[in-house]
Amino acid sequence: MIRRTLVTLAFLVAFAVPAWAQKEIVVWHAYRGEEKVAFEKVVAAFNQASAGKGIKATTLAVPFDAFADKITAAVPRGKGPDVFIYAQDRLGGWIEAGNTVEPLDFFLDAPTKGRFLPTTMEAMTYGGSTYGLPLNFKVVTMIYNKKLVPAPPKTSTELVQVAKKLTDKGSGRFGLAYAYSDFYYHAALMNGFGGKVFDRSRNPTLNAPENVRSLEQLLKWQKTDGILPAEPSSALIKSLFNDGKAGIVFSGPWFLGEIAQGVDYGLAPLPLLVEAGNKPMRPWMTVEGMFIAAPSKNKEAAYELIKYVTDLQAARVLALEGRQTPANKSVYADPKVAADPVLKAFFEQVKVAIPMPNLAEMTMVWSPATTAMNTVVKGAAKPKAALDAAQAAVQADVARLRGKK
Amino acid sequence: MARSDARRRAAIGLTIAAGVAALLGWLLLYWAADAAQQSAAERAARQRAAAFASIVERAGPAGNRIRAAVAAMGGGDPSVERVRVVLLLGRQLVASTAPEDTGARAAPRALEMPEKPIYDVAQELRAAVQTNREEGSPRKDEIHTVHLPSGGIAVTAPLQRGEDVVGMVQLEMAPQGHAHRPALLQAVAAWLLPVALFLLLSIPLGARPVPLLITAAALLVGAVVAQTGLAASHLGWDSRRTIEQSAQQLRELGERASRALAGLPAAEPEPGSEPGSEQPAAGFPELPSFDTSLGVPAESEAAAAPLDPVAWDVDRFRRPLGLLTRDGTPAPEALASAQGKAVRFGRRAAASTGALSLTLLLLVAMGTAEAAAGAVVRHRVAYLYVLPALLGMTLLVFFPFVYGITLSFTDSNLYNTNQSLGETWIGLKNYAEVLSGFHLVQKTDSGWSFDYGSFYWTLFFTIVWTVTNVAIGVSVGLVLALVLNTKGLALRPVYRVLLILPWAVPTYITALTWRGMFHQQFGVINQVLQIFGAPAISWYDKPLTSYLTALATNGWLSFPFMMVVSLGALQSIPAELYEAARVDGASRWDQFRAITLPSLKPALVPAVILSVVWTFNQFNVIYLVTAGEPGGATEILITKAYKIAFEKYRYGYAAAYSTVIFAILLAYGTLQNRLSRATEEIA
């Protein structure tokens, strides 16, 4: 009798164990359209490959507007997903808030680290520790109208030459059009001159001489050469390019979907800056990473998932079908990917790109920096004065946050 | 009858109040003693952690020397249950006295997957040391303390080689037990003595209420002061004793450490490892080789310097606390500060218990409590009906409100969310900072200009914004209501619907549409201006034009509400009044002034109050239409508070800002209500 009970119990346990061993991982993402389809395909392939280990991943699409706030609110309380995909700009804030993202140094080994472009890995690192694996990047590059600009300019002097020929303010035609008063776009110029927002010790350096120099360069393009339109909003730039009234645009992959059918466009790397000693313009890259939530109960399984999704096979699917530019560098050697001019162009550009700072203090920079850009661009202030004011504001805010008066 | 009632009430009040005071005093003492013991235990743990770290740094980098040092230090110390030493490079467990780390799992070995949290703590400490060095002032804990479920403390300190953190040493301390419960006898005495004395003293006093009350209050205060005074001196003695014990332990720690260092063996290579070979542990990914700067044996300059036990008494940022003097005795400052803490505790306890119990006494003795209880019992059904709403309101309105005000007295921001409110308390500093934004006007290169970041500019702009908006809303609404109210108007329902539309469309969409209309190049407003030959205006460049855009948008949004209110009020005016006025020969303007306006007052004034409050806090329009352009000139108080909370991450300061907004609106509402007596009926 006892023996029979024991045997029955053993059977039950034997059948129950696989169920217990089944690890469920929930993944949140904000993809739509073909990106979503490609991503779900990759996750399905992972589920198939890991069925033996008992790992199953389910995805949930969360609208982008609410995504970051949901993560901030839900994850630290244990109510969020196991893995989530987001850009690196909120990473610093989440780490400082605590109990949101899990550090991956323990899992990370040299071969895994070596798959990615080193700068994308930098974007996922905060305070010397790595918190996520980079999935893809977005970067601003040069998009030109092939009819108006047969050969894309390679240096800034060529750029001005080409643009001047195309500019006719009276009829609203411009050689170069980009959101130059937006600090994010201006960063390409600023970084090209060697300027930066924070130094290595995370102190703000908005009014560094290189930053001032970059603003003077922008003013030269705008006032002296006169190749830029006034008040550049994204709507204006889009309409100028689609109407064939703008030869060259500096923008990112988000712009490609808005280009009208009839426009024959090409992509090329941003020009070298002759004024900075032939250094390239270095745009900021936004890196989307896969992060493991700190309260997750299945961290090892989650790491298996993110290792799989950032690997070569998955990167190929995401690149060709999802139209993403993966952070995995070996995918660009794949013949199909190399044959795609858009993917190839962004890969060329990202080689000189700099990851956007992922510090929590970055949110305090946008407002004063935008004010500085606006005042300089409208001629209401000189570059040095405007940047000094912005630096003072950011420094005061950072000092108050860090508890120094 | 009433006079013996006074005596009864005072007696009952004193009993309750003295009971509450005694209980509170006893609880506070218990809590304070426990807190003191916890902090002493943590301090002792940190001392040991610092000592172990110092020894291991001198013993290393050879693994066998580290193990020998750990064994020597930990072996003779009953309060230390286990010690682990982890190096970042190679994720190695170099030494461990845990009973489960023997045999196949003996150190040195690579950490296993379930031990990831230990490695993460080491990385956290590395980041903390680096951050504190970069920022210049300590912000992150350099000694990590965790309270274990068993009651002990796990304390982790970083190991440094020069400036770099190369690993950590973790100690698990044995549980120390809790503080003894203070004597119940004292509390009971503090309760019953005043009551007994009062009953005695009240006989000669008779039944006069005021002297009775004064006697009761005096006895209560006396009891509270006596009880808290005794508690404070008790705590003071306890802490002196603890400091002396701690000093003694520190000396012993120093002696044990020098003995351990003297008895260390020579360095030997790690078993089974040659330089360059990396052996992965079972089931563990390959060891990294990308960080070779750490773990390089440097000359241990630290070994040359003598041991300094005094430097081991540190706080969580590894700053010295100064427990011992050079010759090993407790420093007088440490003793004095402990005494001071006890005295402060006594004062605070006396103040809070005294205030609370005195209030209780007054409430009961003066009959308020009795009256309130009577009312609840008399109308108990009504109160039962109101209870769900009361609970809902408390949870959803009052609690967040009180929490917000509490938050405004702290320095809560993104970096210190893990600290309790008490730790970040800064009193009225936030309010001082808010109200001291006097730098209103400043001199720049282009002459005098306003500093748009100043609180007073934003307040001025918010008031101007509110006044103009409400004025426009009321006048336009009133005019349209008068128009719509004319007798025999054709298509009146159609007009009404059309004029309600601005209110019906979501503010978000309206605001964005209007912002687009004011676009410098493509906006319809500028295009119309250009048709008439005027130059296109760049609306968001100057504060005045930017303000006009927001004014236009909000004016459009706010007139329907006023119109509807006015229409309702107009339709309730009896037509005979107008007839009578016409018969008397009054002109239309006189009719308007004498009949219409006074009848509208009871409806319009509450509507105006509402509108003022809504417009004062009209976040959507300002945030979406002008976004504060140019440079924060068109921000209102509420958008400023939002940016402070969510872009600058200063939650305490934003809470203070919001409380100031609330205070302004409360003052306005009360004043306006009183001045206009609007909520009273028409005579």
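Rounded to the nearest 0.5 Å, atoms OH (B:Tyr649) and CG (A:Asp397) are 12.0 Å apart. The OH atom of B:Tyr653 sits 14.0 Å away from the CG atom of A:Leu401 when rounded to the nearest 0.5 Å. Within the model, atoms NZ of B:Lys648 and OG1 of A:Thr363 stand 10.0 Å from one another, a figure rounded to the nearest 0.5 Å. In this structure, A:Lys378 NZ and B:Tyr540 OH are separated by 11.0 Å, a value rounded to the nearest 0.5 Å. With values rounded to the nearest 0.5 angstrom, A:Asp199 atom CG is found 8.5 Å from B:Glu134 atom CD.
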Checking B:Met113 against A:Phe107 for the side-chain contact (heavy atoms from CB on, under 4.5 Å) test, could you report, in this order, the C-alpha distance in whole Å, the side-chain angles of both residues, the deciding distance, and whether it holds? CA-CA 9 Å; B:Met113 210 55 89; A:Phe107 299 123; 3.5 Å; yes

Determine, step by step, whether B:Glu433 and A:Arg400 satisfy the salt bridge (Lys or Arg N to Asp or Glu O under 4.0 Å) criterion, reporting the C-alpha distance in whole Å, the side-chain angles of both residues, the deciding distance to 0.1 Å, and the verdict. CA-CA 11 Å; B:Glu433 204 183 322; A:Arg400 283 207 213 98; 3.1 Å; yes

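Residues B:Ala127 and A:Gly127 come closest through the heavy atom pair CB-O, 3.6 Å.
Proximity to chain B is absent for every atom of A:Thr375, based on heavy atoms less than 4.5 angstrom apart. In this structure, chain A has heavy atoms under 4.5 Å from both the backbone and the side chain of B:Glu647. Within the 4.5 angstrom heavy-atom criterion, no atom of A:Thr112 approaches chain B. Proximity to chain B (any heavy atom under 4.5 Å) is shown, for A:Ser201, by both the backbone and the side chain.
At a threshold of 4.5 Å between non-hydrogen side-chain atoms, the residues A:Phe106 and B:Gln123 do not count as touching. The shortest side-chain heavy-atom distance between A:Arg402 and B:Asn413 does not fall under the 4.5 Å cut-off.
In this structure, the side-chain contact (heavy atoms from CB on, under 4.5 Å) partners of A:Thr130, at least two apart in sequence or on a different chain, are A:Asp105, A:Leu108, A:Met121, A:Met124, A:Thr125. With sequence neighbours excluded, no residue satisfies ring pair (Phe, Tyr, Trp, His ring centres under 6.0 Å) with A:Phe198. B:Trp425 pairs by the side-chain contact (heavy atoms from CB on, under 4.5 Å) definition with B:Thr406, B:Phe409, B:Thr410, not counting sequence neighbours.
For A:Lys297, the NZ atom sits in a loose shell: 12 or fewer heavy atoms of surrounding residues, nucleotides or ligands are nearer than 6.0 Å. Within a 6.0 Å radius of NZ in A:Lys196, no more than 12 heavy atoms belonging to other residues, nucleotides or ligands are found.
For B:Arg126 and A:Ser129, the side-chain atoms include at least one donor-acceptor pair closer than 3.5 Å.
Taking 4.0 Å as the cut-off between side-chain N and carboxylate O, B:Lys116 and A:Glu102 count as a salt-bridged pair.
Among residues 90-100 of chain A, the residues having any heavy atom closer than 4.5 Å to a heavy atom of chain B are, in sequence order, A:Gly93, A:Glu96, A:Ala97.
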